[in-house]
There are 2 protein chains.
Amino acid sequence: MTTKHLRQFKDALKQDSLRMTSQRLAILDDVLGSEEHRECDDIYLSLRQKKVPVSRATIYRTLDILEKAGFVRKMDIGDGRFRYENKLAQTHHDHMICLKCGKIIEFMDREIERRQDQIASDNGFHLVKHSHQLYGLCGACQDLPAAEDQSAPASKA
Amino acid sequence: MTTKHLRQFKDALKQDSLRMTSQRLAILDDVLGSEEHRECDDIYLSLRQKKVPVSRATIYRTLDILEKAGFVRKMDIGDGRFRYENKLAQTHHDHMICLKCGKIIEFMDREIERRQDQIASDNGFHLVKHSHQLYGLCGACQDLPAAEDQSAPASKA
DNA sequence: ATATATATGAGAATGAGACTCAATAAGGAT
DNA sequence: ATCCTTATTGAGTCTCATTCTCATATATAT
């Protein structure tokens, strides 16, 4: 985490009369140190391994702050658990998700983005965000005829 | 509900060794009689009003069957509750949702659909379905500066 | 250093949806 | 029409992610 990001975070906190705490700092650091699409528990376990004393409630609360401040993106891939990703390290993209093994591939298409803006404006909408996921079978999973899943399946709880 | 749809449903049931029941018939009829994006409880209340004895568990189970058989589309608009819509009466479309009043506008863009197929194929994915939502403020809600919500907000539970 | 408002964690609460299982009901065979 | 096998139902239980509560701890302005 750079000094710049730290200042950025402190400013965001101050703006809402929020305080800097060791937990918040550790969560920000952990989040900025990963490029993955992680759920709350991934972050929780990562912090516990680093001996950071923190609870899930605090992680959820802090992730909300980080989302508002633009540090992370909160995404719903439809399996009942939110994923959080480092937004600073990445340019905007959407996701393609394998229904069998849960693999996530990022994609970005300028034309789709443009069309979205157009559709919103055509309908008098002020576009705030969008959610766009493609679901299917990745190459590897298409080859396994009727075998078991490989890892976390993207099925609904 | 037409005779054709009824036959279609019976065939789908038979194909999986499932049985026709008064509950399943009532649920199909109720779903085909609406063009809205309804959640389980909307359907539950609608059926109870018609004096149909049915439980939520049966509705969930039947909606899964109807989804597989192509009668309904199950959609996740990100507020933790699935919405179900009559798929027969409509051509494919995606949704634009007002973050303030919950209003839903349907849209469809051939170019976006085409790009999605292309992206999937470029990545070796076999595309099964997609989920595409635009979130923002509808025209009416942009005018209300900081007023209260109008109806069901699309905020996360 | 003090005062005061905010943050934290443990655990309880919430809520959508899936599961359990005994009782009930289809529907094919006779 | 009756039997018999198998699927279905509903009430209630369970799950699990996430949020809430509230007493205690801590950051920050002064």
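Every chain is numbered from 1 and lettered A, B, ... according to where its sequence line falls, protein lines coming before strand lines. Bear in mind that the values here come from a model prediction, so they are computed numbers and not experimental data.
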Report summary line: When rounded to the nearest 0.5 Å, the distance separating CG of B/Leu63 from CD of B/Glu39 is 11.5 Å

**Report entry** Parallel, tilted or perpendicular: ring planes of B/His132 versus A/His132, cut at 30 and 60 degrees
**Finding:** parallel

Query raised in the report: If you measure from the Lys or Arg side-chain nitrogens to the Asp or Glu carboxylate oxygens, is any gap between A/Arg114 and A/Glu111 under 4.0 Å?
Result: yes

Requested in this report: Strictly below 4.0 Å, heavy-atom distances to any atom of DNA chain C: list the hits from residues 8-33 of chain B, or just say none.
Outcome: B/Arg19, B/Met20

Query raised in the report: How many Å lie between OH on A/Tyr84 and P on D/dA17, as a whole number?
Result: 12 Å

Query raised in the report: Among D/dT18, D/dA11, D/dC20, which is the nearest nucleotide to the side chain of A/Ala57?
Result: D/dC20

Query raised in the report: Between C/dA18 atom P and B/Arg61 atom CZ, what is the distance in whole Å?
Result: 10 Å

Report summary line: The reported gap from CD in B/Gln23 to CG in B/Asp30 (rounded to nearest 0.5 angstrom) is 13.0 Å

Query raised in the report: Whole Å only: how far is the OH atom of B/Tyr44 from the C1' atom of C/dG15?
Result: 16 Å

Report summary line: Rounded to whole Å, the CD1-C1' distance (B/Ile59 to C/dC19) equals 17 Å

Report task. Measure the distance from CD1 on B/Ile43 to P on C/dG17 and round it to the nearest whole Å. Result -> 11 Å

**Report entry** Distance, rounded to the nearest Å, where A/Arg81 contributes CZ and D/dT19 contributes C1'
**Finding:** 18 Å

Query raised in the report: A/Leu63 has an atom CG; how far is it from atom P of C/dA7, in whole Å?
Result: 15 Å

Requested in this report: Examine C/dG17: is either OP1 or OP2 under 4.0 Å from a nitrogen or oxygen in the side chain of B/Tyr60? Give yes or no.
Outcome: yes

Requested in this report: Check whether any side-chain N or O of A/Thr58 sits under 4.0 Å from OP1 or OP2 of C/dG9, and answer yes or no.
Outcome: yes

Query raised in the report: Can you check whether A/Arg83 reaches A/Asp42 side chain to side chain, under 4.5 Å on heavy atoms?
Result: no

Report task. Quickly work out the A/Arg56 CZ to C/dA13 P distance and round it to whole Å. Result -> 19 Å

Query raised in the report: Under a 4.5 Å cut-off applied to non-hydrogen side-chain atoms, are B/Leu134 and A/Phe125 in contact?
Result: no

Query raised in the report: Is a donor on one side and an acceptor on the other found under 3.5 Å between the side chain of A/Arg24 and the backbone of A/Arg19?
Result: yes

